J.: 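One structure is given below, represented as structure tokens, and several questions about it will come after.
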Number of protein chains: 2
Amino acid sequence: MASRAKATILDIARAAGVSKSTVSLVLQGSGLIRPDTAAKVRKAIEDVGYVYNRGAANLRKAHSNVIGMVINDLTNPFFAELAVGMERVFQSAGIVPFIANTAENPVRQEEVLKSLMEQGVAGLIVSPARGSTPDAFRRLEAAGVPVVFAMRRLPESRIPVIAPDNHRGAFLATRHLIGKGHRRLAFFGGSADLVVYHERLGGFREACETLGIAPADVLVFEGETSRKGGIACLEAALALAEPPTAALCFNDAVAFGAMLALRKRGLEPGSDFAVVGFDDVVEAEHYMPALTSVAVDTPGLGERAAHVVLKMIQSRTTRAEDHIGAVNLVVRESCGPDRSQEVRRAAMGGVA
Amino acid sequence: MASRAKATILDIARAAGVSKSTVSLVLQGSGLIRPDTAAKVRKAIEDVGYVYNRGAANLRKAHSNVIGMVINDLTNPFFAELAVGMERVFQSAGIVPFIANTAENPVRQEEVLKSLMEQGVAGLIVSPARGSTPDAFRRLEAAGVPVVFAMRRLPESRIPVIAPDNHRGAFLATRHLIGKGHRRLAFFGGSADLVVYHERLGGFREACETLGIAPADVLVFEGETSRKGGIACLEAALALAEPPTAALCFNDAVAFGAMLALRKRGLEPGSDFAVVGFDDVVEAEHYMPALTSVAVDTPGLGERAAHVVLKMIQSRTTRAEDHIGAVNLVVRESCGPDRSQEVRRAAMGGVA
DNA sequence: GCCTATAAATGGAACGTTCCAATAAATCAA
DNA sequence: TTGATTTATTGGAACGTTCCATTTATAGGC
């Protein structure tokens, strides 16, 4: 109800006693119109309850100010943190980004991208769904829409990437475990269809190799990148005749799963089996025991991605430099028998 | 680069040797055109790399198929779960919803709503930011845009609400605590500017009253609805000369905070102090100890909200019935000294 | 006062679709 | 064959903006 025919620019022109062009100018904040005329127009807008039709405007302008964020898994707090970082910069640029979730499903991703294109997005930040191919983004490139990948990259794609230094992060974490005296190490979770997996696994392997772990003592367990996957990996590892004593996990969710499974078997994460996570989500420091993890500054990467896409839009290009973010290992309580070296962050700090 | 002038319906008409009207019909899947003509057109679309301009279409149609989900805090897994439920039904309806985050900020919410309206949304699901007034939604109503509130309601607004039975949930939880022998009870977190707060607190109070707790023994601590808030509430409570022995928390985040603070003081949640949460997010069962919480079927409520808004759009109305979802208490390990009655859900079940 | 320069406001065409009314083509009845 | 009916296709006028080229008002200089 009350759905009277929507007011247009013409209605408010009539109400204010000016021409539609004048109204349009006012709407765009042009300095060309006299302040009192502008005021008159603005009042009419208010009175009539006019709402701007961006679709009509874009028809003429061919440059919308819509930016889309395509996220592969919104329920993973890690990606929610990423989204929050991006929003921060978009908000201060006065633009409202639209978030869409692909739920790690390439088919859904295709739908989402199509819909966003039809909507005429000016630019896109995408954390691609697992198993998506460069093909899915061909269309975007053809249309000249600026796209940046966040956190994940695709094999052989020319789209710029904003991601942490996965290789180095994994290397640091592994070196730490070895430094604690562990000699038989596992890598938990992830699967080969993710480029990130190879990067992290690569860092793990390099550390093992250069620091003198025998090839037979480096164990790799693929699995889901979730708590569930972590549980499964741990079970598999402990079923071995000669189980590992420490694990680097693909991400924090996997690490949480592994710790859970340890507890269920009556083992204490940290002293009985060392666990290191990756990403350092806010829960990591609140877990029991607090999780040692590779911090990647997720919101910071989100901000960076937002800046890059903004700049790409502005300079009408579809290319940009990759950005590899610095990482650092945050040592807490979940690894190594040596409990004297605990590092604690203030318990109040983690509520974003 | 490659940003050649975008192909329009006319270009593909030319390429296929038909009229633009025919192309339009094909695009809409009209059965009026001969199958071989349609095929010809579709091929041209593919060849040219045409992308549909929904803005232009909406100009004519005045009925977009865009639905917006306005969420007050995306980093709270609870709301992410809600969003996931909604997405499920939208996906099967073939529509891509756009999510926008207000970060619990009424000003940002205003921007978001404005932007969504300008985009010509067909309908909206909103979990309003704390402290937002019905005024913020007046404009939507005037424009005849169907809106439903999810999880939260506004005082004196005629917009339909999909929410759990907060009063009953709080009542059940409180009764459980009293049944465990607790005689001095606290309510932790939340603040009076949230209708939900009054509902939950109301249930708590009613249970205390009808089950014979002396008014002097019911303690209320307002606070942030986050882990941080829970920590603060617990500190305040234990600072009392005669502290409570159990607390019902506004939500699970507050409960996690409270448990954290207990641990930090060397107290064991469950045996030394009983804690009950609200919402039953997936982490609740994975916490140490597993959190007793009021389950509200968040994704289910999301689905329901999506269905309602879809029906409203279809029947061109802006009114609908409220829906109050059933709740039930999931008893785990975080409350009462009686540890023999643990209820455990399968550890594998929680990964959405 | 007149001419010029500047400032402010305006009409009209275009943007890419949809949809109605109209035409063209195919089918059928006689 | 012709006319009537059905089936496919099409031109043209909208939809609500923007922006260019104009027009009109205002001010300055002499």
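Labels below follow one simple rule: chain letters A, B, ... track the order of the sequence lines, proteins then strands, and each chain is numbered from 1. Keep in mind that this is a model prediction, so the values were computed, not measured. Scope of the values below: all heavy atoms of this structure, side chains included, with no hydrogens, waters or symmetry mates.
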J.: In whole angstroms, how far is the P atom of D/dG11 from the NZ atom of B/Lys20?
T.: 7 Å
J.: With nearest nucleotides of DNA chain C determined for A/Ser19 and B/Arg60 from heavy-atom distances, which residue corresponds to the more 5′ nucleotide?
T.: A/Ser19
J.: Can you tell whether the side chains of B/Glu111 and B/Arg108 come within less than 4.0 Å, N to carboxylate O?
T.: yes
J.: From the 5' end of DNA chain C to its 3' end, which nucleotides mark the outer limits of contact with chain B, defined by a 4.0 Å heavy-atom distance cut-off (strictly under)?
T.: C/dG16 to C/dC19
J.: Five pairs at each end of the helix from C/dG1-D/dC30 to C/dA30-D/dT1: take the axis at both ends and give me the angle between them to 10°.
T.: 40°
J.: Should A/Arg88 and A/Glu81 count as an ion pair when the cut-off is N to O under 4.0 Å?
T.: no
J.: Among residues 28-40 of chain A, which ones have heavy-atom contacts with DNA chain D below 4.0 Å?
T.: A/Gln28
J.: Can you check whether any acceptor in the base of D/dG11 is under 3.5 Å from a donor in the side chain of B/Ser21, or vice versa?
T.: yes
J.: Around A/Arg152, counting heavy atoms of other residues, nucleotides and ligands shown, do more than 12 lie under 6.0 Å from its CZ?
T.: yes
J.: Is the number of heavy atoms from other residues, nucleotides or ligands under 6.0 Å of A/Arg130 CZ greater than 12?
T.: yes
J.: Does the side chain of A/Ser24 come under 3.5 Å of the side chain of A/Ser21 through a donor N or O and an acceptor N or O?
T.: no
J.: On DNA chain D, nearest-nucleotide positions of A/Leu27 versus B/Thr22: which is more 5'?
T.: B/Thr22
